[in-house]
Amino acid sequence: MTFAENLIQLRIASQLEFIDLVTSLTDNLSALAGFDEDSVYSINMAVRESVANAVEHGNRYDPNKPVEITFMIGSANLSVSVRDHGEGFDPTSLPDPLDPSNLLNPAGRGILYMRSFMDNIEYERHPEGGMVVTMLKTRLEISGQTPTVADGGEKRQDAVGN
Amino acid sequence: MTFAENLIQLRIASQLEFIDLVTSLTDNLSALAGFDEDSVYSINMAVRESVANAVEHGNRYDPNKPVEITFMIGSANLSVSVRDHGEGFDPTSLPDPLDPSNLLNPAGRGILYMRSFMDNIEYERHPEGGMVVTMLKTRLEISGQTPTVADGGEKRQDAVGN
Amino acid sequence: MQLEISERRIGEVVILDLVGRITIGDGSLHLHDAVGRLLDEGRNRLVLNLAGVTYVDSSGIGELVSRHTTTRNTGGRLKLLNLPKKVRDLLQITKLLAIFETFDDEASAIASFES
Amino acid sequence: MQLEISERRIGEVVILDLVGRITIGDGSLHLHDAVGRLLDEGRNRLVLNLAGVTYVDSSGIGELVSRHTTTRNTGGRLKLLNLPKKVRDLLQITKLLAIFETFDDEASAIASFES
Ligand SMILES: Nc1ncnc2c1ncn2[C@@H]1O[C@H](COP(=O)(O)OP(=O)(O)O)[C@@H](O)[C@H]1O
Ligand SMILES: Nc1ncnc2c1ncn2[C@@H]1O[C@H](COP(=O)(O)OP(=O)(O)O)[C@@H](O)[C@H]1O
C-alpha cells in the first residue's frame with residue numbers, strides 16, 4: 001500500500017459524539033501545519049460543519065455508515081476532504097440563507113460558514129457513492145516560521161535552501 | 001460500505017511528528033469512553049509505543065507507508081490495534097529487557113511497557129503484509145458513570161435497564 | 001456538560017447566563033429546552049447572556065434563531081447580551097445581526113423591556 | 001520545544017533542569033545532545049533534575065540509560081533528582097531503579113559527588 005507522506009485520514013462511525021474527536025484532531029493538525037490561531041478556529045468550524053452534514057444529511061445518523069476525513073498538509077495550504085456514504089445532493093440548488101425570506105430559517109447556514117471560513121470548497125459525488133466536500137485553507141507564510149511537516153515539494157526546497 | 005458504530009480509525013504517514021496527533025486523539029477517545037485519568041495515561045503510553053514501533057521498525061520511516069490505528073469502544077473495554085506495512089517480526093524471540101545482561105540496553109523496553117499498561121496485547125501478521133498489534137484495556141465500571149458511547153450490546157442493555 | 005445555563009430573574013425579565021458551547025447535539029438541545037421551559041411558564045421576556053460562550057456552530061446559531069421566533073410568537077422577546085466576537089461574526093456573516101436586539105450591558109438589556 | 005533544558009553549575013557539579021517531555025524524536029535527541037556537549041567539555045558530574053518532566057516514553061528511558069552509560073565511561077556519574085511518580089514507575093517496571101542513583105533533594109545529590 002502506498003500513501004503520501006503528508007496525509008492523515010480519520011474514519012468515524014456516524015455519531016455526533018465523535019465530532020469533537022474530529023475537531024480536536026483538526027486543531028492539533030492545523031497547529032502542527034503552522035496555522036495561526038484564527039486559521040485554526042476557521043478550519044475547526046469548517047470541519048465541524050462538514051462532518052455534521054455528513055453524519056446528519058449524508059449518512060442520516062446510520063451508525064454503520066462511516067464518515068472519512070482526509071487531511072493533506074501542503075507546503076502552502078491544508079486540504080481537508082470529508083466523505084459520507086449517503087445519496088448525495090446538488091449543492092447548486094440549495095436555498096440561499098441570505099435571502100430575506102430565509103433569514104429566520106432554523107437551518108441552512110452550514111455550507112455558507114464553510115465557504116466563509118475556508119479559501120475554497122468544492123463538492124463532488126464520489127464515484128462509489130456518497131458526497132465528498134474538499135476544503136482548502138491557505139497558510140499565510142510568516143517569515144522564519146515554517147511548518148515542521150509539509151509535502152515533498154517544500155522539503156526538497158528546504159534541503160536546497162539550507 | 002458497512003462499519004461498526006463504535007469504530008474510529010486513524011491512518012497516518014510514517015512520520016514521528018504525527019505520533020502526538022495519535023496520542024491526543026487517543027486521550028480524547030479514552031475519556032469519551034469513560035476511562036479514568038490513570039487509564040487514559042496507560043492507554044496513551046501503549047498507543048505511543050506501538051505507533052512508534054510501527055513507524056520505526058515496521059515501516060522503517062518510509063513516509064509513503066501508512067500506520068493504521070483502529071479504536072473499538074466496547075461496553076467493557078477499549079481495543080486499539082496498530083498496523084504497519086513492514087516485514088513483520090516474531091515477538092516470541094525478542095531479547096528479554098529484564099535479563100540482567102540487557103538492563104543497560106538503550107532500547108528494547110517498548111513492548112514490555114505496552115504489556116504492563118494494557119490488560120492484554122496480541123501480535124499477529126496481517127494477511128496482506130505487515131504486523132498488527134491489538135491491545136485491550138478493560139474499563140472498571142464506576143456505578144453511575146457509564147460512557148456515552150459504546151457498542152450496540154451496551155446500548156441495548158441501557159434501553160432495557162433504564 | 002457542554003453548555004451550562006443558570007437563570008436569574010429580575011422583575012419580569014429572565015436572564016440566562018450561558019457558559020460553554022452551543023453546538024450540534026447536547027449544547028443546542030439544552031438551550032432549546034431551557035427557553036422552552038420558560039415559555040411554558042409564561043415567562044417570555046428573555047435575555048441570553050452569551051459572555052461565557054466559547055464556541056457556537058451553525059446548529060447553535062439556528063437554535064438562537066428558532067428560539068427568537070418562538071419567543072416572539074408568544075408576544076415576548078429574546079434579546080442577546082454580551083456577544084463574544086466569534087458569535088457576532090457568525091451572526092454578521094448570515095445577516096442575522098439585524099434580526100436580534102443585542103446589548104453590551106445588562107442594565108440596558110433589562111430596561112429595553114420597559115418601553 | 002518539547003523539552004526545555006537549563007543548566008546550573010554548582011562547583012564541579014552540573015545540574016540540568018528538565019522541563020517538558022522526553023519522548024521519541026526531539027525530546028530524546030535534545031537530552032542526548034545536552035549531555036553530550038557537557039561530556040565533551042569534560043564535565044561529567046551530572047544531575048538531571050526531572051521535577052518538571054511531564055511525560056517519558058521508552059525512547060526517553062533508553063536515552064537516560066544510554067547517557068548513564070556514556071557518563072560512566074568517562075569516569076563520571078549521571079544522577080537523577082526529583083523523579084516524578086510516572087518516571088519512577090517506568091524505571092521500576094524495567095528494573096532500572098537499581099541502576100540509577102536517585103535523590104529527592106538537591107543538596108544530597110550534590111554532596112553525593114564528594115564521597
Ligand atoms: N453531505 C450531505 N449529503 C446530503 N445533503 C447535504 C449534505 N450536506 C449538505 N446537504 C444539504 O444541504 C443543505 C444545506 O446544508 P447546510 O448549509 O450545512 O445547512 P443545514 O445542515 O443546517 O441544513 C442541507 O439541509 C442538506 O439538504
Ligand atoms: N511493528 C514492528 N515491526 C517489526 N519489528 C518490530 C515491530 N515492533 C517491534 N519490533 C521489534 O521488536 C523489538 C522490541 O521492540 P520494543 O520492545 O518496542 O523496543 P524498541 O522499539 O526500543 O527496540 C524491536 O527492536 C524490533 O526489533
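Quick note on labels: first sequence line is chain A, next is B, and so on, each numbered from 1. Reckoned from all heavy atoms, side chains included, excluding hydrogens, waters and symmetry mates. None of the values given here were measured: they were computed from a predicted structure.
- When every heavy atom of C:Gly25 is checked against every heavy atom of A:Leu16, the shortest pair comes out as CA-CD1, 4.1 Å.
- Neither the backbone nor the side chain of C:Leu64 comes within contact range of chain A; no heavy atoms are under 4.5 Å apart.
- Counting heavy-atom pairs under 4.5 Å between each of A:Pro106, A:Ala52, A:Gly110 and chain C puts A:Pro106 at the top.
- The interface of residues 120-129 of chain A with chain C, defined by heavy-atom distances below 4.5 Å, is empty.
- Of all non-hydrogen atoms in C:Leu96 and A:Leu103, the two that sit nearest each other are CD2-O, 3.4 Å.
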So between chain A and chain C, what donor-acceptor pairs come in under 3.5 Å?
{"from": "A:Asp20", "atom 1": "OD1", "to": "C:Arg21", "atom 2": "NH2", "distance (Å)": "2.9"}
{"from": "A:Asp20", "atom 1": "OD2", "to": "C:Arg21", "atom 2": "NH2", "distance (Å)": "3.0"}
{"from": "A:Asn44", "atom 1": "OD1", "to": "C:Tyr55", "atom 2": "OH", "distance (Å)": "2.5"}
{"from": "A:Arg48", "atom 1": "NE", "to": "C:Tyr55", "atom 2": "OH", "distance (Å)": "3.4"}
{"from": "A:Glu49", "atom 1": "OE1", "to": "C:Ser58", "atom 2": "OG", "distance (Å)": "2.6"}
{"from": "A:Glu49", "atom 1": "OE2", "to": "C:Ser58", "atom 2": "N", "distance (Å)": "2.6"}
{"from": "A:Glu49", "atom 1": "OE2", "to": "C:Ser58", "atom 2": "OG", "distance (Å)": "3.3"}
{"from": "A:Tyr113", "atom 1": "OH", "to": "C:Leu90", "atom 2": "O", "distance (Å)": "2.8"}
{"from": "A:Tyr113", "atom 1": "OH", "to": "C:Thr94", "atom 2": "OG1", "distance (Å)": "3.1"}

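- A pairwise comparison of heavy atoms in C:Ile99 and A:Leu104 identifies CG2-CD2, 3.6 Å as the closest pair.
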